[in-house]
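I have placed the structure first, in the form of structure tokens, so that the comments after it can refer back to it.
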Amino acid sequence: QVQLVESGGGLVQAGGSLRLSCQASGRAFSNYVMGWFRQAPGKEREFVARTRWSGGIIYYADSVRGRFTISRDKAKDTVYLQMNNLKPEDTAVYYCAARPGLDGQYPYWGQGTQVTVSS
């Protein structure tokens with residue numbers, strides 16, 4: 001089993017910054033892909049960013065590229081999502097996810113953390 005716990009969500013004004021954390025436990029993650037997704041009210045869940053746990057392979061959604069940065073601290077078993085220049089349209093529940101390979105679905109998910117950006 002893999003357990004993922006997100007934290008760091010909250011209320012922030014447009015133009016502000018927020019850092020989300022995802023702490024993982026239960027397995028070794030040397031070959032895992034870690035991802036961030038979000039779901040806004042009335043919309044489908046969408047991909048935000050992903051990285052290999054070991055680092056080096058990073059992708060971003062077009063909507064966040066240049067504003068968000070995904071990173072990880074292997075010593076703390078934690079993946080971060082640094083969000084800068086936040087916009088009201090970034091408001092959503094943000095989820096951390098993990099999969100044991102480069103391809104396929106994500107079988108492991110956190111409980112989500114709410115991010116609200118006010119104008």
Side-chain angles (χ1 to χ4, degrees):
Q1 297 288 341
V2 173
Q3 295 82 42
L4 304 173
V5 180
E6 303 98 331
S7 62
L11 176 64
V12 65
Q13 290 190 320
S17 298
L18 207 60
R19 187 178 73 168
L20 306 183
S21 299
C22 172
Q23 187 166 34
S25 63
R27 288 182 179 270
F29 295 93
S30 60
N31 295 319
Y32 272 59
V33 172
M34 310 297 295
W36 285 99
F37 295 79
R38 67 186 183 186
Q39 187 166 21
K43 296 184 177 181
E44 295 183 351
R45 184 176 61 197
E46 65 175 345
F47 163 79
V48 175
R50 68 174 181 264
T51 184
R52 182 187 286 273
W53 177 248
S54 58
I57 301 177
I58 297 175
Y59 296 94
Y60 296 98
D62 290 342
S63 59
V64 307
R65 187 177 293 110
R67 299 188 298 121
F68 291 11
T69 302
I70 187 171
S71 62
R72 80 278 183 271
D73 186 336
K74 291 192 288 185
K76 297 181 178 179
D77 292 336
T78 301
V79 178
Y80 301 98
L81 184 68
Q82 178 66 46
M83 305 184 293
N84 297 326
N85 192 24
L86 283 162
K87 305 175 180 180
E89 51 263 44
D90 294 319
T91 296
V93 176
Y94 283 71
Y95 297 91
C96 179
R99 70 188 188 203
L102 294 177
D103 302 309
Q105 300 295 312
Y106 288 82
Y108 307 110
W109 293 84
Q111 82 289 344
T113 185
Q114 177 70 48
V115 172
T116 302
V117 184
S118 64
S119 59

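In this chain, numbering begins with 1 at the start of the sequence shown.
- Q82 and S17 make their closest contact through NE2-CB, 4.0 Å (heavy atoms, listed as atom of the first residue, atom of the second, distance).
- For the pair R52 (side chain) and I57 (backbone), a donor-acceptor distance under 3.5 Å is absent.
- Considering CD of Q114 and CG of L11, their distance stands at 9.5 Å, rounded to 0.5 Å.
- In this structure the side chain of M34 reaches within 4.5 angstrom of the side chain of L4, judged on heavy atoms.
- Residues M83 and I58 are members of one and the same hydrophobic cluster, defined by side-chain heavy-atom contacts under 4.5 angstrom among Ile, Leu, Val, Met, Phe, Trp and Tyr.
- The main-chain N or O of S118 is never found under 3.5 Å from a side-chain atom of Q13 such that the two would form a donor-acceptor pair.
- Rounding to the nearest 0.5 Å places CG of L81 at 8.0 Å from OH of Y60.
- Two residues are said to be in side-chain contact when any heavy atoms from C-beta on lie closer than 4.5 Å; W53 and D77 meet this criterion.
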Show which side-chain atoms of residues 92-110 pair as donor or acceptor with protein atoms under 3.5 Å away, not counting sequence neighbours.
| residue | atom | partner | partner atom | Å |
| --- | --- | --- | --- | --- |
| Y94 | OH | R38 | NH1 | 2.9 |
| Y94 | OH | D90 | O | 2.7 |
| R99 | NE | G101 | O | 2.9 |
| R99 | NE | L102 | O | 3.4 |
| R99 | NH1 | G104 | O | 3.1 |
| R99 | NH2 | L102 | O | 2.1 |
| W109 | NE1 | Y106 | O | 2.7 |

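- Heavy atoms only, all atoms of each residue included: S21 and T78 are closest at CB-CG2, 4.1 Å.
- Remark: the backbone N or O of S54 is paired with a side-chain donor or acceptor of R72 at under 3.5 angstrom.
- In this structure, CG in D73 is found 10.0 Å from CD in Q23, a value given to the nearest 0.5 Å.
- Using a 4.5 Å cut-off between side-chain heavy atoms of Ile, Leu, Val, Met, Phe, Trp and Tyr, with links allowed through other members, Y80 and V115 fall into different hydrophobic clusters.
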Please lay out, stage by stage, how L20 and E6 fare under the test side chain to side chain contact (heavy atoms under 4.5 Å, CB included). CA-CA 7 Å; L20 306 183; E6 303 98 331; over 6 Å; no
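- Among L86, N85, N84, the single residue meeting the side chain to side chain contact (heavy atoms under 4.5 Å, CB included) criterion with F68 is L86.
- Within the model, atoms CG of L18 and OG1 of T116 stand 10.0 Å from one another, a figure rounded to the nearest 0.5 Å.
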